[in-house]
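Source: prediction; values computed, not measured. Letters go in sequence order (proteins before strands), and every chain restarts at 1.
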2 protein chains.
Amino acid sequence: MKQQFDLQNFLPFRLNRLASEMSAGLSSVYREKFGIEITEWRVIATLAHEGETTAQAIVASTRTHKSTISRAVTKLIGMGWVERSGPSQDGREKSFKLTSLGSQRMGEILPLVRAYEREVLKALGADGDGCLKTISLLEKVIFK
Amino acid sequence: MKQQFDLQNFLPFRLNRLASEMSAGLSSVYREKFGIEITEWRVIATLAHEGETTAQAIVASTRTHKSTISRAVTKLIGMGWVERSGPSQDGREKSFKLTSLGSQRMGEILPLVRAYEREVLKALGADGDGCLKTISLLEKVIFK
DNA sequence: CACTAATAGTTGCAGTTGCAACTAAATCAA
DNA sequence: TTGATTTAGTTGCAACTGCAACTATTAGTG
């Protein structure tokens with residue numbers, strides 16, 4: 001008894017499948033050569049952009065659970081890519097920044113990651129603009 | 001030392017964040033009321049559409065690892081939503097189908113899930129077509 | 001000041017996932 | 001037929017994640 005529903009044309013499924021595949025493609029770029037996972041990548045990307053940053057700010061920027069961020073930061077500190085920076089006024093919060101090793105690694109990863117994105121955008125060609133516009137629209141709808 | 005990289009405008013990140021949020025919104029629809037997770041949802045959606053189906057076909061349709069599908073099917077059988085169907089010519093493969101209970105539950109879930117999708121598409125308004133077109137394009141690029 | 005509530009971050013625990021190794025069955029080659 | 005290869009599905013294991021509970025610190029109230 002077939003019901004009228006086609007998962008293959010279902011928007012949330014298609015979007016999720018697409019994002020998973022893209023993330024998988026991208027993460028293979030930094031996983032193999034640098035031994036980090038997607039959460040670590042997002043943490044160092046945030047630190048590279050923001051400079052000295054609290055864990056809370058990383059949580060907000062990456063939309064990732066604070067326990068996940070906590071563990072990623074711990075791992076990155078263990079790798080020597082990240083260090084705690086001086087205590088802030090608020091004794092509860094901790095600030096972090098990239099070490100020089102972390103900056104160096106980020107400098108190595110960035111071109112690879114950018115090349116990946118460029119490749120996708122290039123394949124989209126003239127439709128790239130429409131794609132970004134669509135995503136902006138969806139963000140407004142979903143992050144209500 | 002700030003580097004020139006903005007995660008917030010990075011295509012794979014934005015797409016992934018969007019898809020996660022959408023999936024989370026959707027899954028709250030069936031998780032609470034029906035006690036299933038996203039993998040189970042995809043399995044029953046595939047079975048509802050395809051009828052009698054092998055595990056392998058579900059793997060292909062959902063793009064999910066075979067071990068994950070194996071466990072989801074086991075769980076669904078335990079819930080009485082899915083049953084094994086008669087042996088096929090190939091003794092390695094196993095075919096499954098929805099039970100009448102499974103069909104009934106699917107009939108209850110479908111309107112909720114469709115309503116969610118409709119809500120998103122409605123919010124997109126006239127841009128809905130462009131959105132679907134963009135996703136099709138990205139699929140061609142990513143699933144090379 | 002004392003007491004309560006809120007916030008930042010960590011950790012134990014349980015659930016989920018992917019990988020690799022495994023079993024069972026089919027296919028292929030000689 | 002026999003033996004090697006491939007395919008379908010299952011399971012043990014290790015890694016990752018989210019939740020809830022916890023500590024520590026700050027903010028708010030009287």
Nearest-0.5 Å distance, CG of residue Asp129(A) to OG1 of residue Thr134(B):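 The distance works out to 10.5 Å.
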Tell me the interatomic distance from [X], atom [atom1], to [N], atom [atom2], rounded to whole angstroms.
| X | N | atom1 | atom2 | value |
| --- | --- | --- | --- | --- |
| Lys75(B) | dT10(D) | NZ | C1' | 18 Å |
| Ile77(B) | dG9(D) | CD1 | P | 12 Å |
| Ile36(A) | dC16(D) | CD1 | C1' | 15 Å |
| Arg31(B) | dT16(C) | CZ | C1' | 12 Å |
| Arg84(A) | dA8(C) | CZ | P | 15 Å |

Contact state string [nucleotides 17-29 of chain C, B base, S sugar-phosphate only, - no protein heavy atom under 4.0 Å]: BBB-----BS---
Nearest non-hydrogen partners of Lys97(A) and Glu52(A), listed with the distance: CB-CA, 4.2 Å
Neighbour count above 12 (heavy atom, 6.0 Å) for Glu108(A) CD: yes
CD/Glu139(B): more than 12 non-hydrogen atoms of other groups inside 6.0 Å: yes
Carboxylate-amine/guanidinium proximity below 4.0 Å for Glu37(B) and Lys75(B):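 No.
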Ser61(A) versus Gln8(B), side-chain donor and acceptor atoms under 3.5 Å: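 Present: a donor and an acceptor within the cut-off.
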Presence of Lys94(A) side-chain N/O under 4.0 Å of dT10(C) phosphate oxygens OP1/OP2: yes
Distance test, side-chain N/O of Gln56(A) to OP1/OP2 of dG9(C), below 4.0 Å: yes
